Amino acid sequence: MAKKQDMEAMLDVLEADTAKKHDRKEAEAFAGTTACKTRATSLVSMTRSNKERLTTAAKAHRLSLRAFFRLAADECITNHEW
């Protein structure tokens, strides 16, 4: 069995790697947005079960629900000629 310090070191490496992947995916989600520092908010209403389903899908890709929505909208516009 690994020592406590060894386990902590392994967990630190895993956490750092996960954070890097998340940061990269969030950066991809923001790709193409303006460099303007002004942000706007949009609200999306849905059933609780839809939110749970979409949140699960977002988390599977280590994305926030907001980033997931932005990626999905960009993909739809780009690939479906909207």
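Predicted, not measured: the structure shown is a model, and the values here were computed from it.
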Atom pairs and distances, donor-acceptor, side-chain atoms in residues 58-65, under 3.5 Å, two or more places apart:
| from | atom 1 | to | atom 2 | distance (Å) |
| --- | --- | --- | --- | --- |
| Ser64 | OG | Ala67 | N | 3.0 |

What donor-acceptor contacts under 3.5 angstrom involve side-chain atoms of residues 40-49, with partners at least two apart or in another chain?
| from | atom 1 | to | atom 2 | distance (Å) |
| --- | --- | --- | --- | --- |
| Thr47 | OG1 | Ser49 | OG | 3.2 |
| Thr47 | OG1 | Asn50 | N | 3.1 |
| Thr47 | OG1 | Asn50 | ND2 | 3.3 |

**Asked** Is the shortest heavy-atom distance from the side chain of Thr55 to the side chain of Phe68 under 4.5 Å?
**Response**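 When only atoms from C-beta onward are counted, Phe68 and Thr55 do not touch, as no gap falls below 4.5 Å.
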